[in-house]
Amino acid sequence: MKAYVLHGIDDLRYEEAAKPVPESSEVLVRVMAAGICGSDIPRIFETGAHRHPLIPGHEFSGVVEAVGSKHNKEWLGKRVGVFPLIPCYECAPCVEKQYEMCRQYSYLGSRRGGGFAEYVAVPSWNLIELPENVSFEEAAMLEPMAVAVHAMRSAAPKMTDTVAVCGLGTIGLLTAMFLKDAGIENLLLIGNKDLQKEMALQMGIDAEHFCDIRTQDAKAWITEKTRGNGTNVFFECVGRNETISMGLACAAPGGTVLLVGNPASDVRLSREDYWQILRRQLTVRGTWNSSFTHEESDDWHYALGRLSARQINPVTFISHRLPFDRLERGLAIMRDKTEDFCKIMIRIANAGRAVLGNAGR
């Protein structure tokens, strides 16, 4: 099969790779679409993966083309999304079904082969079946959608709250989309790109509720918009000292600052920031990944339910669609920021009828 194989830092090669053979608990997924995540950029170009060689990519969808055992034969031919975290099932969080906090997890695309390939071996436990009205592109966005849902549910804002989302990459925009869908009316967005404002307007955000930090002072803007009260919930989706400090300064007494963005560097609290937390009794909380338990109440089923009911439209955030052999162009756009982008989607295979078979074990 064709795959993008990371042999080391900044050494990604588009080459022939062995087609995976699924083990007894696994299935073989023919990948149809894959999204590039912001975390793929440092992994490929700066830090490397947990092991090499490795096929990156953890946002993908496809069709089950073979199974490793008759025990998961029911997945043959199914259109699926894929939860990329593979839990150990044994640690304390796993016992409580908090698999996203597993202490000894594996992960498709960073610790074992992922979705930047024509085929991936996936544990059948990690699959979610797609309704017929959900496209492969939409399903490839289920992972960031579920991350946004997890963030929203972690903060649990009330419909009457004033809520700010700072940082409007894919996760920030999706968080705003789900907040709006959940009925949060006083929603303030803080971004720094024309494309972000365009996408905010497309989802029905009033232009007066968008702050462009290139030309506006976000703290003063929030102070004006909230009449000096501050935000009840502030979603920090950037991961930088200055935006975390902004969130603490803009939070209302008793408010919540939810840290969503992956840190770009070391994060340090100034004495003033620390005083903000103490004197206004703020809750500062982190969130990571998403809940996947095979229950209707988990984040993945929530996201898929809103998607299949057509209450949200995440594909509006796809700024680029590229064929499989142009994936490196998408990575370069995100690394070098040569043009505005949001979600870059890779089309790996046509959505025609898959050839079905049993890999046998």
Side-chain angles (χ1 to χ4, degrees), residues 1-20 28-63 65 79-85 107-122 126 135-145 147 169-171 173-174 195 262 314-352 354:
M1 68 173 184
K2 285 289 187 181
Y4 284 86
V5 182
L6 185 65
H7 289 269
I9 297 174
D10 199 14
D11 186 10
L12 185 71
R13 306 176 199 172
Y14 183 50
E15 61 189 23
E16 290 290 334
K19 185 177 178 180
L28 185 69
V29 174
R30 181 187 182 194
V31 182
M32 296 295 180
I36 303 177
C37 176
S39 67
D40 290 322
I41 304 307
R43 181 175 298 114
I44 291 170
F45 297 109
E46 299 171 16
T47 64
H50 289 271
R51 65 174 181 84
H52 301 103
L54 179 126
I55 298 170
H58 61 269
E59 302 178 4
F60 62 95
S61 63
V63 176
E65 195 164 287
R79 303 167 65 253
V80 294
V82 180
F83 177 60
L85 187 150
Y107 209 92
L108 296 165
S110 67
R111 297 169 187 254
R112 57 178 281 178
F116 293 163
E118 292 181 303
Y119 294 92
V120 187
V122 177
N126 290 69
S135 71
F136 288 115
E137 281 190 346
E138 290 171 325
M141 294 186 72
L142 275 172
E143 197 276 339
M145 287 166 60
V147 168
T170 302
I171 298 298
L173 284 167
L174 287 169
L195 181 61
N262 290 338
V315 295
T316 59
F317 300 148
I318 298 176
S319 57
H320 296 72
R321 291 177 169 88
L322 300 174
F324 190 34
D325 60 3
R326 299 295 303 281
L327 182 143
E328 287 177 284
R329 176 173 177 262
L331 294 169
I333 290 170
M334 294 178 66
R335 179 193 61 194
D336 302 332
K337 298 179 172 57
T338 51
E339 53 192 273
D340 278 353
F341 64 88
C342 187
K343 177 54 64 182
I344 297 181
M345 186 64 63
I346 307 301
R347 294 169 170 171
I348 296 182
N350 295 322

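We use all heavy atoms of the structure for the numbers below, so side chains are in, but hydrogens, waters and symmetry mates are not. Keep in mind it's a predicted model, so treat the numbers as computed, not measured.
Among V122, V120, I346, the single residue meeting the side-chain contact (heavy atoms from CB on, under 4.5 Å) criterion with V31 is V120.
Not one N or O on the side chain of R111 forms a donor-acceptor pair closer than 3.5 Å with the backbone of R51. Although no hydrogens or angles enter the test, the distance criterion places no donor-acceptor pair under 3.5 Å between the side chain of R347 and the main chain of A34. Between the N126 side chain and the F83 main chain, a donor and an acceptor come within less than 3.5 Å of each other.
Remark: I36 CD1 to I41 CD1 distance equals 6.0 Å, nearest 0.5 Å. In this structure, OG on S319 lies 6.0 Å from CG on L195, to the nearest 0.5 angstrom. In this structure, the separation between CD1 on I344 and CD on E59 is 11.5 Å, given to the nearest 0.5 Å. To the nearest 0.5 Å, atoms OG1 (T170) and CZ (F341) are separated by 8.0 Å. Taking CZ of R30 as the reference point, atom CZ of F136 lies at 9.0 Å (rounded to 0.5 Å). A distance of 10.5 Å separates CE in M32 from CD in E118, rounded to the nearest 0.5 Å.
Taking the six-membered ring for Trp and the full ring otherwise, the centers of Y14 and F324 sit less than 6.0 Å from each other.
Across all their heavy atoms, E137 and M345 have their closest contact at O-CE, 3.6 Å. The heavy-atom pair separating I55 from A117 by the smallest distance is CG2-CB, 4.0 Å. Annotation for F60 and V82: closest pair CE1-CG2, 3.6 Å, computed over non-hydrogen atoms.
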Exercise for the section: Decide side-chain contact (heavy atoms from CB on, under 4.5 Å) for K343 and M141; before the verdict, give the C-alpha distance in whole Å, the side-chain angles of both, and the deciding distance to 0.1 Å. Expected result: CA-CA 9 Å; K343 177 54 64 182; M141 294 186 72; 4.2 Å; yes
Practice task
Applying side-chain contact (heavy atoms from CB on, under 4.5 Å), run through F317 and L174 and close with a yes or a no.
Solution key: CA-CA 9 Å; F317 300 148; L174 287 169; 3.8 Å; yes
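For D11, the salt bridge (charged side-chain N to carboxylate O under 4.0 Å, His left out) test picks out R13, with sequence neighbours left out. By the side-chain contact (heavy atoms from CB on, under 4.5 Å) test, R43 is found to be paired with S39, D40, A49, H58, S110, residues two or more places apart in sequence or in another chain being considered.
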Under 3.5 Å, which donor-acceptor pairs do the side chains of residues 327-335 form with other protein atoms, sequence neighbours left out?
none

